[in-house]
Amino acid sequence: MKKAVILAGGMGTRMQPATANINKHLLPVYSQDGAIPMIYYPITSLVKGGIKEILIISSREHCGKIIENLGDGSSFGARFTYKIQDVNNTPLGIASALKLAQGFTGIDPFAVILGDNFFEDDFSIYFKNFNTARFDAAIFLKEVEDPNRFGVYYDNFIEEKPSEPKSNLAVTGLYLYTNIVYQIANNLILSNRGELEITDINNYYCLKKSLHINHVNGFWSDMGTPKSLIATQEFINNSKYSINLEHS
Ligand code: G1P
(Lines give C-alpha, C1' and ligand atoms only; values in the text may rest on other atoms or scores of the structure.)
Protein backbone atom coordinates (compact mmCIF):
# COMPACT_ATOMS: atom_id res chain seq x y z
CA MET A 1 0.00 0.00 0.00
CA LYS A 2 1.60 3.24 -1.15
CA LYS A 3 -1.10 5.88 -0.82
CA ALA A 4 -3.08 7.44 2.02
CA VAL A 5 -5.62 10.16 2.62
CA ILE A 6 -5.68 12.40 5.70
CA LEU A 7 -9.04 13.96 6.46
CA ALA A 8 -8.53 17.31 8.13
CA GLY A 9 -11.76 19.21 7.56
CA GLY A 10 -14.63 19.78 9.96
CA MET A 11 -15.55 22.66 12.20
CA GLY A 12 -13.65 21.68 15.35
CA THR A 13 -16.70 22.62 17.42
CA ARG A 14 -15.42 20.73 20.44
CA MET A 15 -12.29 22.91 20.41
CA GLN A 16 -13.93 26.33 20.28
CA PRO A 17 -13.09 29.18 20.61
CA ALA A 18 -9.53 28.28 19.46
CA THR A 19 -10.98 26.83 16.23
CA ALA A 20 -12.77 30.07 15.28
CA ASN A 21 -9.73 31.09 13.22
CA ILE A 22 -7.42 28.07 13.24
CA ASN A 23 -8.01 24.59 11.90
CA LYS A 24 -8.25 22.06 14.73
CA HIS A 25 -5.57 19.94 13.10
CA LEU A 26 -3.00 22.73 13.49
CA LEU A 27 -3.59 23.16 17.23
CA PRO A 28 -0.38 22.48 19.18
CA VAL A 29 0.31 19.31 21.13
CA TYR A 30 2.82 20.24 23.82
CA SER A 31 5.50 17.76 24.87
CA GLN A 32 9.25 17.36 25.18
CA ASP A 33 9.20 17.24 21.35
CA GLY A 34 8.02 20.87 21.23
CA ALA A 35 4.70 22.45 20.20
CA ILE A 36 3.76 19.99 17.48
CA PRO A 37 0.69 20.63 15.28
CA MET A 38 -1.84 17.83 15.82
CA ILE A 39 -1.79 16.67 12.18
CA TYR A 40 1.94 15.85 12.39
CA TYR A 41 1.01 12.73 14.38
CA PRO A 42 -1.20 11.00 11.80
CA ILE A 43 1.33 12.03 9.14
CA THR A 44 4.02 10.31 11.21
CA SER A 45 1.88 7.16 11.57
CA LEU A 46 1.65 6.92 7.78
CA VAL A 47 5.28 7.74 7.03
CA LYS A 48 6.57 5.35 9.74
CA GLY A 49 4.35 2.71 8.14
CA GLY A 50 6.03 3.29 4.77
CA ILE A 51 3.34 5.40 3.05
CA LYS A 52 4.70 8.47 1.34
CA GLU A 53 2.07 9.51 -1.21
CA ILE A 54 -0.41 11.45 0.91
CA LEU A 55 -3.52 13.42 -0.01
CA ILE A 56 -4.63 15.95 2.62
CA ILE A 57 -8.25 17.09 2.46
CA SER A 58 -9.28 20.16 4.40
CA SER A 59 -11.86 22.89 4.37
CA ARG A 60 -11.89 25.93 2.10
CA GLU A 61 -11.42 28.19 5.14
CA HIS A 62 -8.32 26.44 6.49
CA CYS A 63 -6.57 24.66 3.63
CA GLY A 64 -4.29 27.67 3.03
CA LYS A 65 -2.83 27.58 6.54
CA ILE A 66 -2.39 23.81 6.39
CA ILE A 67 -0.49 24.08 3.10
CA GLU A 68 1.65 26.91 4.53
CA ASN A 69 2.56 24.78 7.51
CA LEU A 70 3.11 21.41 5.81
CA GLY A 71 4.40 22.37 2.36
CA ASP A 72 5.13 19.68 -0.20
CA GLY A 73 5.80 16.99 2.40
CA SER A 74 9.56 16.70 1.83
CA SER A 75 10.27 17.70 5.45
CA PHE A 76 8.45 14.48 6.42
CA GLY A 77 10.09 12.39 3.69
CA ALA A 78 6.72 12.28 1.91
CA ARG A 79 4.86 13.87 -1.01
CA PHE A 80 1.70 15.81 -0.22
CA THR A 81 -1.23 16.63 -2.48
CA TYR A 82 -4.12 18.83 -1.28
CA LYS A 83 -7.81 18.92 -1.98
CA ILE A 84 -10.55 21.19 -0.65
CA GLN A 85 -13.80 19.98 0.92
CA ASP A 86 -16.02 22.96 0.19
CA VAL A 87 -19.10 22.55 2.35
CA ASN A 88 -21.00 24.96 0.06
CA ASN A 89 -20.84 22.29 -2.64
CA THR A 90 -20.44 18.96 -0.81
CA PRO A 91 -22.31 17.47 2.14
CA LEU A 92 -20.66 17.31 5.56
CA GLY A 93 -19.04 14.19 6.93
CA ILE A 94 -15.99 11.99 6.70
CA ALA A 95 -17.48 9.82 3.95
CA SER A 96 -18.27 12.92 1.91
CA ALA A 97 -14.65 14.10 2.16
CA LEU A 98 -13.44 10.63 1.25
CA LYS A 99 -15.26 10.79 -2.09
CA LEU A 100 -12.90 13.59 -3.10
CA ALA A 101 -9.94 11.20 -2.98
CA GLN A 102 -10.97 9.06 -5.97
CA GLY A 103 -8.81 10.85 -8.53
CA PHE A 104 -5.79 10.58 -6.23
CA THR A 105 -6.10 6.91 -5.26
CA GLY A 106 -7.27 5.60 -8.66
CA ILE A 107 -7.37 1.77 -8.62
CA ASP A 108 -4.88 1.42 -5.74
CA PRO A 109 -5.77 0.24 -2.23
CA PHE A 110 -5.19 2.99 0.30
CA ALA A 111 -5.28 4.03 3.96
CA VAL A 112 -7.51 6.75 5.40
CA ILE A 113 -6.58 8.41 8.67
CA LEU A 114 -8.36 11.17 10.54
CA GLY A 115 -6.22 14.26 11.09
CA ASP A 116 -6.84 14.32 14.84
CA ASN A 117 -5.98 10.67 15.57
CA PHE A 118 -2.88 9.78 17.57
CA PHE A 119 -1.57 6.20 17.41
CA GLU A 120 1.41 4.79 19.27
CA ASP A 121 1.31 1.58 17.18
CA ASP A 122 3.40 0.93 14.10
CA PHE A 123 1.15 -0.07 11.16
CA SER A 124 3.87 -1.10 8.65
CA ILE A 125 2.75 -4.73 8.61
CA TYR A 126 -0.91 -3.86 8.10
CA PHE A 127 -0.11 -1.46 5.26
CA LYS A 128 2.17 -4.04 3.64
CA ASN A 129 -0.07 -7.07 4.07
CA PHE A 130 -3.59 -5.73 3.46
CA ASN A 131 -5.11 -8.74 1.75
CA THR A 132 -7.39 -7.34 -0.94
CA ALA A 133 -8.15 -10.86 -2.19
CA ARG A 134 -9.87 -11.67 1.14
CA PHE A 135 -11.03 -8.28 2.43
CA ASP A 136 -12.38 -5.08 0.91
CA ALA A 137 -11.68 -3.00 4.01
CA ALA A 138 -10.00 -3.02 7.43
CA ILE A 139 -10.73 -1.19 10.68
CA PHE A 140 -8.81 -0.91 13.94
CA LEU A 141 -10.56 -1.18 17.31
CA LYS A 142 -9.46 0.07 20.71
CA GLU A 143 -10.97 -0.51 24.15
CA VAL A 144 -11.98 2.84 25.66
CA GLU A 145 -13.68 4.11 28.83
CA ASP A 146 -16.04 6.50 26.99
CA PRO A 147 -17.32 4.52 23.95
CA ASN A 148 -20.36 6.78 23.47
CA ARG A 149 -18.01 9.38 21.89
CA PHE A 150 -17.14 7.02 19.02
CA GLY A 151 -18.31 4.46 16.53
CA VAL A 152 -18.75 1.31 18.65
CA TYR A 153 -18.23 -2.21 17.31
CA TYR A 154 -20.35 -5.09 18.59
CA ASP A 155 -21.40 -8.34 16.96
CA ASN A 156 -20.49 -7.49 13.37
CA PHE A 157 -22.14 -4.04 13.48
CA ILE A 158 -20.97 -0.49 14.23
CA GLU A 159 -23.18 2.02 16.00
CA GLU A 160 -22.17 5.68 15.64
CA LYS A 161 -21.96 7.44 19.01
CA PRO A 162 -24.59 5.25 20.76
CA SER A 163 -26.11 6.58 23.98
CA GLU A 164 -26.02 3.03 25.34
CA PRO A 165 -22.90 1.38 23.89
CA LYS A 166 -23.06 -2.41 23.63
CA SER A 167 -19.27 -2.77 24.00
CA ASN A 168 -16.25 -0.67 24.90
CA LEU A 169 -14.61 -1.20 21.49
CA ALA A 170 -14.23 2.13 19.70
CA VAL A 171 -13.62 2.24 15.95
CA THR A 172 -10.46 4.33 15.60
CA GLY A 173 -9.85 6.78 12.77
CA LEU A 174 -7.70 4.51 10.60
CA TYR A 175 -9.28 2.57 7.74
CA LEU A 176 -7.93 0.56 4.81
CA TYR A 177 -9.95 0.41 1.61
CA THR A 178 -9.90 -0.66 -2.00
CA ASN A 179 -11.46 1.50 -4.72
CA ILE A 180 -14.82 -0.28 -4.18
CA VAL A 181 -15.32 2.23 -1.36
CA TYR A 182 -16.27 4.95 -3.86
CA GLN A 183 -19.28 2.96 -5.14
CA ILE A 184 -20.46 2.56 -1.56
CA ALA A 185 -19.83 6.21 -0.69
CA ASN A 186 -21.79 7.34 -3.76
CA ASN A 187 -24.87 5.42 -2.58
CA LEU A 188 -24.92 6.72 0.99
CA ILE A 189 -27.75 8.79 2.36
CA LEU A 190 -27.40 11.55 4.93
CA SER A 191 -27.48 10.47 8.58
CA ASN A 192 -29.67 11.99 11.29
CA ARG A 193 -26.95 14.56 11.96
CA GLY A 194 -26.95 15.52 8.26
CA GLU A 195 -23.61 13.92 7.36
CA LEU A 196 -22.33 11.12 5.13
CA GLU A 197 -20.99 8.69 7.73
CA ILE A 198 -17.86 6.55 7.53
CA THR A 199 -19.70 4.16 9.85
CA ASP A 200 -22.34 3.52 7.17
CA ILE A 201 -19.56 2.58 4.74
CA ASN A 202 -17.99 0.19 7.25
CA ASN A 203 -21.35 -1.39 8.10
CA TYR A 204 -21.79 -2.21 4.42
CA TYR A 205 -18.58 -4.25 4.64
CA CYS A 206 -19.79 -5.88 7.91
CA LEU A 207 -22.90 -7.02 6.09
CA LYS A 208 -20.84 -8.39 3.20
CA LYS A 209 -18.45 -10.10 5.65
CA SER A 210 -15.52 -8.46 3.90
CA LEU A 211 -14.27 -6.26 6.75
CA HIS A 212 -10.98 -7.18 8.44
CA ILE A 213 -11.18 -6.34 12.16
CA ASN A 214 -7.87 -5.46 13.83
CA HIS A 215 -7.02 -4.28 17.34
CA VAL A 216 -4.83 -1.38 18.41
CA ASN A 217 -2.37 -2.43 21.13
CA GLY A 218 -0.69 0.83 22.14
CA PHE A 219 -2.08 4.21 23.18
CA TRP A 220 -4.73 5.75 20.95
CA SER A 221 -6.53 9.07 21.22
CA ASP A 222 -8.64 11.27 18.95
CA MET A 223 -7.29 14.62 20.32
CA GLY A 224 -10.61 16.19 19.28
CA THR A 225 -11.58 17.49 22.72
CA PRO A 226 -9.56 19.46 25.29
CA LYS A 227 -9.60 16.42 27.60
CA SER A 228 -8.36 13.95 24.99
CA LEU A 229 -5.70 16.39 23.78
CA ILE A 230 -4.40 16.76 27.34
CA ALA A 231 -4.43 12.96 27.77
CA THR A 232 -2.34 12.65 24.59
CA GLN A 233 0.17 15.21 25.85
CA GLU A 234 0.43 13.32 29.14
CA PHE A 235 0.98 10.05 27.29
CA ILE A 236 3.77 11.53 25.14
CA ASN A 237 5.44 13.11 28.14
CA ASN A 238 5.37 9.90 30.17
CA SER A 239 6.43 7.47 27.44
CA LYS A 240 9.32 6.90 25.10
CA TYR A 241 7.17 7.94 22.13
CA SER A 242 8.88 10.62 20.09
CA ILE A 243 7.74 12.11 16.81
CA ASN A 244 10.17 11.43 14.01
CA LEU A 245 11.00 14.81 12.49
CA GLU A 246 14.42 13.82 11.25
CA HIS A 247 13.58 15.06 7.76
CA SER A 248 12.74 18.62 8.88
C1 G1P B 1 -15.29 9.81 13.78
C2 G1P B 1 -16.13 8.61 13.37
C3 G1P B 1 -16.22 7.62 14.54
C4 G1P B 1 -14.82 7.25 15.04
C5 G1P B 1 -14.01 8.52 15.37
C6 G1P B 1 -12.56 8.16 15.68
O7 G1P B 1 -15.99 10.55 14.72
O8 G1P B 1 -17.40 9.03 12.96
O9 G1P B 1 -16.89 6.46 14.13
O10 G1P B 1 -14.94 6.42 16.18
O11 G1P B 1 -14.02 9.43 14.28
O12 G1P B 1 -11.80 9.29 15.99
P13 G1P B 1 -15.80 12.16 14.91
O14 G1P B 1 -14.81 12.31 16.02
O15 G1P B 1 -15.28 12.71 13.64
O16 G1P B 1 -17.15 12.67 15.27
Side-chain angles (χ1 to χ4, degrees), residues 4-16 19 23-25 27 29 38-39 41-43 45-46 56-59 62 85 87 90-100 111-121 123 137-177 181 184-185 188-206 211 213-216 218-232 235:
V5 181
I6 301 180
L7 301 179
M11 320 289 275
T13 33
R14 286 163 286 189
M15 285 296 209
Q16 274 172 357
T19 45
N23 181 277
K24 175 180 78 174
H25 306 90
L27 291 177
V29 180
M38 193 182 282
I39 196 170
Y41 290 99
I43 292 171
S45 293
L46 297 175
I56 298 170
I57 301 180
S58 187
S59 62
H62 297 298
Q85 181 182 22
V87 291
T90 44
L92 290 170
I94 294 170
S96 175
L98 178 58
K99 284 162 73 171
L100 301 171
V112 176
I113 192 165
L114 305 185
D116 63 1
N117 269 230
F118 177 97
F119 290 92
E120 181 189 10
D121 284 12
F123 293 102
I139 59 169
F140 297 82
L141 305 177
K142 179 71 185 172
E143 285 178 10
V144 294
E145 285 169 3
D146 47 358
N148 56 328
R149 285 181 51 220
F150 303 105
V152 176
Y153 181 83
Y154 177 74
D155 194 19
N156 199 37
F157 188 72
I158 303 164
E159 258 185 288
E160 184 63 25
K161 301 189 179 69
S163 48
E164 289 173 26
K166 296 192 178 70
S167 85
N168 61 352
L169 288 174
V171 181
T172 68
L174 175 67
Y175 318 90
L176 309 185
Y177 293 122
V181 75
I184 303 163
L188 289 179
I189 52 166
L190 292 176
S191 66
N192 292 341
R193 61 171 175 166
E195 297 190 8
L196 295 185
E197 303 284 350
I198 195 86
T199 286
D200 290 341
I201 291 183
N202 293 329
N203 274 331
Y204 175 91
Y205 292 118
C206 285
L211 182 65
I213 310 281
N214 302 288
H215 290 263
V216 171
F219 180 84
W220 168 71
S221 159
D222 77 336
M223 298 190 280
T225 65
K227 199 175 156 197
S228 60
L229 177 54
I230 290 169
T232 310
F235 165 78

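Remember, it's 1-based here, ligands and their atoms both numbered in the order they're listed. Along the sequence shown, residues are numbered consecutively beginning with 1.
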So the salt bridge (charged side-chain N to carboxylate O under 4.0 Å, His left out) pairs with at least one residue in residues 161-171 (sequence neighbours excluded) are E159-K166
What's the spacing between H62 NE2 and M11 CE if we round to 0.5 Å? 8.0 Å
Between F235 and F219, what is the ring plane arrangement, given parallel below 30°, perpendicular above 60°, and tilted in between? parallel
Working to the nearest 0.5 angstrom, can you tell me the gap between L174 CG and F123 CZ? 5.0 Å
Looking only at atom types and distance, does a side-chain atom of K24 sit under 3.5 Å from a main-chain N or O of T225, one as donor and one as acceptor? no
Can you tell me how far the CG atom of L190 sits from the CD atom of E195, to the nearest 0.5 Å? 9.0 Å
Distance filter under 4.0 Å, heavy atoms only, around ligand 1 gives R14, I94, L114, N117, F150, G151, E160, K161, V171, G173, R193, T199, W220, D222
